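In what follows, a structure is listed as structure tokens, so that the remarks can point back to it.
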Amino acid sequence: MIKKFLDLGYQPLANKYLKSYKKLSIKKKELYRLTVGFDTKTKLVSLFNKIPDKIMFDSNYPYKSSMSKTMTDSFKKLSVKIKKRFNPKLFLEIGSNDGALIKNFNKNQVICVEPCSNLARITKRKGYFTYNDYWNLNLSNKIKSKFNTVDVIYSANTLTHINNLNQVFKSISNLLTQDGILIIEDPSFLECIKKLSYDQFYNEHIYIFSALSVKKLINEFGLELFDIEKLDTHGGSLRYYIKRANNNKIKIENTVSKQISTELKFGLGNFSTYLKFGNSVKKSKNDLLKLLKTIKKKNQKIIGYGATAKASTVLNYCNIGNDMIDYFVDTTPDKKNRYMPGKNIKIKKYEKKLLNNVDYVYLGAWNFVKEIFKKEKKFIQKGGKFITHVPTPRII
């Protein structure tokens, strides 16, 4: 049974940046209700309203992994680890984006799967074999008929974007060798609760995984967890290492039982924990608005840093418009001169001078705070301050 614990109001498609000022309409299906539930049986957290893949992931998808040094560094370290630990002859990535990970592998060892055609073109141009398609059983069979089976399948922040998880894991199991390895990494719901990062929820994030829910999900397909790594990426993620349950060559590390025990102790198995989280989100909204209004009463200037999908959730839930935040800066070329969906705050191409005469900067990309602080040392030295809502609204 799925029980609702969070309602973030009407939200736009978080990664659909507007070309011009536009008031979005519920009747035209430009806004949808973002409500979140907890399945008491599977322990899976999911959105109630699921948007069709083809609306979310098209030829204009703006997010590129290679734009972030944090992500490229993480992927480089992972590629070394995969080669050393598993030495795959054939490696497949579901959701290869612009090739931030696969560029660390030989082209004849890699298969890319990427539904967004603008991103698939990038990896094709680099010479990587790329399927510009959505991950499902039909594609899995198509790949199998050409390549037979695959040694390692990897996916970061992608499987939770696909509505039919049963087909996702069935398709993976269909393609893995008998000794094959599946590696997935996604935001950790435990970290989401700890940090009160409700902005992890937007239309693309249909599910938020925990070790508890992943263990239950994959069990039905003869798969099991054998290792878990904690990551700092995306505000706190988990990297799950998965094998076939009948593969006794690989031992199960104590990281698995340790993570599940931690989640149970924190209350991730109990609905009351989720209700408490929902109530804390309401308080966070009120506290953030109070903070921003106090600053604006002093006629001080606030801009946003990182026109992210996460920021879109916060702006629309808290009803923050350009009367509070003058504009956002972002390094992503595809977001230049566009507007934040739902709230029509202008997005400007990042330049250091845009932080001149600014009193406060709201961190839309709070999960890259270390990277941002290193980059903006001069702004900080001149007395500039940052605002975050994670884990509580405050000035830092």
Side-chain angles (χ1 to χ4, degrees), residues 8-9 11-12 14 17 68 70 187 191-202 232-236 277 280-332 335 338-396:
L8 294 170
Q11 295 275 347
Y17 297 91
S68 165
T70 300
E191 292 304 312
C192 180
I193 283 191
K194 284 180 176 179
K195 293 183 172 71
L196 201 59
S197 51
Y198 61 88
D199 54 349
Q200 292 285 11
F201 296 106
Y202 50 92
D232 291 329
T233 54
H234 293 290
F277 172 78
S280 297
V281 169
K282 292 174 186 175
K283 184 179 185 303
S284 177
K285 171 183 176 177
N286 294 332
D287 290 347
L288 179 59
L289 285 171
K290 185 178 178 181
L291 175 60
L292 295 178
K293 286 175 181 177
T294 299
I295 292 169
K296 295 306 288 185
K297 279 180 182 177
K298 298 176 183 176
N299 293 317
Q300 292 179 304
K301 187 174 181 178
I302 307 171
I303 69 165
Y305 198 114
T308 61
K310 288 182 174 70
S312 178
T313 293
V314 176
L315 296 178
N316 285 279
Y317 174 58
C318 298
N319 194 24
I320 298 168
N322 51 22
D323 57 328
M324 291 189 189
I325 295 178
D326 288 39
Y327 54 84
F328 269 81
V329 293
D330 199 285
T331 56
T332 310
K335 297 178 185 178
R338 302 236 170 172
Y339 293 82
M340 291 297 290
K343 288 302 163 188
N344 289 296
I345 301 174
K346 184 79 176 280
I347 304 168
K348 298 184 179 184
K349 181 184 177 183
Y350 170 81
E351 293 178 86
K352 279 191 182 290
K353 67 180 182 181
L354 289 174
L355 273 68
N356 293 343
N357 303 314
V358 170
D359 300 294
Y360 294 91
V361 173
Y362 169 69
L363 286 168
W366 61 265
N367 45 309
F368 295 115
V369 64
K370 290 180 181 178
E371 189 176 325
I372 292 168
F373 277 19
K374 282 182 183 178
K375 194 174 180 178
E376 307 303 342
K377 282 182 181 177
K378 285 187 178 179
F379 173 73
I380 296 168
Q381 286 167 1
K382 289 179 180 179
K385 297 186 183 300
F386 288 88
I387 300 167
T388 186
H389 66 283
V390 175
T392 56
R394 69 197 194 282
I395 296 166
I396 51 175

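Small disclaimer: the values here were computed from a predicted structure and weren't measured. These numbers come from the heavy atoms of this one structure, side chains and all, not from hydrogens, waters or symmetry mates.
Of the options Val361, Ile325, Ile302, Ile396, a side-chain contact (heavy atoms from CB on, under 4.5 Å) to Ile387 is made by Ile302 and by none of the others.
Annotation: cation-pi geometry satisfied between Lys375 and Tyr350 (NZ/CZ under 6.0 angstrom from ring centroid, within 45° of ring axis).
Counting only residues at least two apart or in different chains, side-chain hydrogen bond (donor to acceptor under 3.5 Å, both in side chains) contacts with residues 290-307 comprise Tyr305-Glu376.
Under the salt bridge (charged side-chain N to carboxylate O under 4.0 Å, His left out) criterion, Lys195 pairs with Glu191, not counting sequence neighbours. The side chain to side chain donor-acceptor pair (under 3.5 Å) search around Asp199 returns Trp366, His389, not counting sequence neighbours. Listed by chain and residue number, Lys283 satisfy the salt bridge (charged side-chain N to carboxylate O under 4.0 Å, His left out) test with Asp287 (two or more places apart in sequence, or in another chain). In this view, Lys335 and Asp330 satisfy the salt bridge (charged side-chain N to carboxylate O under 4.0 Å, His left out) rule, not counting sequence neighbours. Judged as a side chain to side chain donor-acceptor pair (under 3.5 Å), and not counting sequence neighbours, the contacts of Tyr202 are His205.
At least one donor-acceptor pair under 3.5 Å links the side chain of Asn316 to the backbone N or O of Pro341.
Lys343 and Asn319 share a side-chain donor-acceptor pair at under 3.5 Å.
Between Phe379 and Phe386, the gap from one ring centroid to the other is short of 6.0 Å.
A heavy-atom distance below 4.5 Å is found between the side chains of Phe277 and Cys192.
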